[in-house]
Protein chains: 2
Amino acid sequence: MEKLTPRQKKVLEFIIGCLDEQGYPPTLRDIAGYLKVSGTFGIMKHLDALERKGFIKKHSGTSRGITLTLPPSRSISLPIVGAVRAGSPHPAVEDIEGFFSIDQSQLKSGASFFLRVKGDSMINDAILEGDLALVRSQAGAENGNIVVATLDGEATLKRYYRLKDYICLRPANPNYDDIIIREGTGKEISIIGRVVGIYRSL
Amino acid sequence: MEKLTPRQKKVLEFIIGCLDEQGYPPTLRDIAGYLKVSGTFGIMKHLDALERKGFIKKHSGTSRGITLTLPPSRSISLPIVGAVRAGSPHPAVEDIEGFFSIDQSQLKSGASFFLRVKGDSMINDAILEGDLALVRSQAGAENGNIVVATLDGEATLKRYYRLKDYICLRPANPNYDDIIIREGTGKEISIIGRVVGIYRSL
DNA sequence: TGTTGAGGTTGTCTTATGATAACCAAAATA
DNA sequence: TATTTTGGTTATCATAAGACAACCTCAACA
């Protein structure tokens, strides 16, 4: 990465600070005020330099149109949902009980969220009550995947198997029975997503 | 948290999406365009409602002056170590096999790192081979804590119990025996840290 | 049945903000 | 020494964008 002049570094630091503290980028005049200079022309040149050196991206014509190209953090903040509703592929806002950051490497594609695990039906797969399951939203699954599915309006965490003429949701706990869904029996199953990670706080 | 109308929810989701994708909040007209309505007045009322219900904060008089009150929690990048060396409280640089970000909330105090779990000795505590154990460096532990300890130069993950005249390191697997360390028997134990979290990638 | 609130429209006003011109000065560099 | 780069000034302009007035519709509700 190309080197920055001290002045350019100050500008970049200010932009990062703004994003951190107020949640949106500064205007040219905000930056000018911080540097105690007047006018916006010098600032534009700084931004041009920062863009040329690959630190930021300017979005011409939009106010506060500055984004960092530097990986600001190698992580992404995802909502923790306490419950999943039948039918909706994305978690409802009112079910969000907080946010939790996770390494970007865990997010291959598609929308993801954390689901707070309830019950002990997956105990033999080392998934305990209270764990955070990282769920990647997807409508289908491969055999053997651990999925979040809604069945008659209730959400469950189970292993998924699609067989000849029925679908099997298998718990990882001998105290629970397989759930068998045959076509045309009125039972409605819809897959919300696949579990791709587990986080437990001890 | 107060309930949102479907329309307000769409607005909130759009704002979150903008922040996620472009790095800065939308303008009133951006939101209007997304909702396919004309004019900005309706949008202002939505934002007022969202602010009244505590979901966002408006910064009057500034363009794109919207911030989420739900604070996206920050995260910290920690080293993943594949092995722990006896004696050294901090993992050696040469043992670092990568970095992994985790939510700041998991880091109460002190230096921490991830340890790649080897073996199945903690299987009944739902800790599997290959899991990442979040370890907080500390020299002592409470009874019952899961700790990383080095014993005669080898690192292990076990539950820790300090009894009258000996220390017990107990696996969570019936196939393994307790490790008993009595004072003055030449066995050297040192506690590297306590396991405060587990992450598993599926 | 009247009232309230969510949701929307058109239009206007003002300010915030990006873009740019014309020019200056010091420092680094060929 | 000539030239480029960095960093800056004072202007001006067009437009992006927030604020708001006046008014409309519809559903929920006591």
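Proteins come first, then strands; the chains are lettered A, B, ... in the order of their sequence lines, and each starts at number 1. Remember, it's a predicted structure, so these values are computed and weren't measured experimentally.
- Checking each of B/I80, B/I198, B/L115 against B/L132 for a side-chain contact (heavy atoms from CB on, under 4.5 Å) leaves exactly one that passes, namely B/I80.
- In this structure, A/I31 places its CD1 atom 15 Å from C1' of C/dA19, rounding to the nearest Å.
- Distance CG (B/L47) to P (D/dG18): 9 Å, rounded to an integer number of Å.
- At whole-Å resolution of the value, CZ in B/R7 and P in D/dC26 are 16 Å apart.
- The side chain of A/F41 lies closest to C/dA21 when the candidates are C/dA21, C/dT9, C/dG18.
- Closest to the B/R64 side chain, of the nucleotides D/dT6, C/dA19, D/dA17, is D/dA17.
- Counting any heavy atom pair closer than 4.0 Å across all strands shown, A/T27 reaches sugar-phosphate atoms only and no base atom.
- When the nearest nucleotides of DNA chain C are assigned to B/A49 and B/S63 by heavy-atom distance, the more 5′-ward of the two goes with B/A49.
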Exercise for the section: Give the C-alpha distance, both sets of side-chain angles, the deciding distance and a yes or no for side-chain contact (heavy atoms from CB on, under 4.5 Å) between A/L47 and A/L28. Expected result: CA-CA 9 Å; A/L47 294 186; A/L28 299 182; 3.4 Å; yes
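- Within 4.0 Å of A/S38, counting heavy atoms only, lies at least one base atom of the nucleic acid.
- At the phosphate of D/dT5, neither OP1 nor OP2 sits under 4.0 Å from any side-chain N or O atom of A/T5.
- Of the two residues contacting DNA chain D, namely B/H59 and A/T40, the nearest-nucleotide position lying further toward the 5' end is that of A/T40.
- Atom pair A/K58:NZ and C/dG18:P shows a separation of 10 Å (rounding to whole Å applied).
- To the nearest angstrom, C1' of D/dA19 lies 9 Å from CG of B/L28.
- A/R194 contributes atom CZ, which lies 10.5 Å from atom CG of A/L134 (distance to the nearest 0.5 angstrom).
- Residue A/R29 is classed as a base contact, given a heavy-atom separation below 4.0 Å to a base.
- Taking atom CZ of A/R52 as the reference point, atom P of D/dG7 lies 10 Å away to the nearest angstrom.
- Using a 4.5 Å heavy-atom threshold, the side chains of B/L128 and B/R200 count as touching.
- Salt-bridge annotation for B/D178 and B/K158: absent, with no side-chain N of the basic residue lying under 4.0 Å from a carboxylate O of the acidic one.
- Taking only side-chain nitrogens and oxygens, A/H46 never comes nearer than 4.0 Å to OP1 or OP2 of D/dT6.
- Each of B/T62 and B/G42 lies near DNA chain C, and the nucleotide nearest B/G42 is the one positioned closer to the 5' end.
- When heavy atoms are screened at a 4.0 angstrom cut-off, A/G61 is found touching the sugar-phosphate backbone but no base atom.
- Here the nucleotide nearest the side chain of B/V37, chosen from C/dA19, C/dG8, D/dG8, is C/dG8.
- Spacing between atom NZ of A/K36 and atom P of D/dG7 amounts to 17 Å, rounded to whole angstrom units.
- The CE-P distance, from B/M44 to C/dT10, rounds to 18 Å in whole Å.
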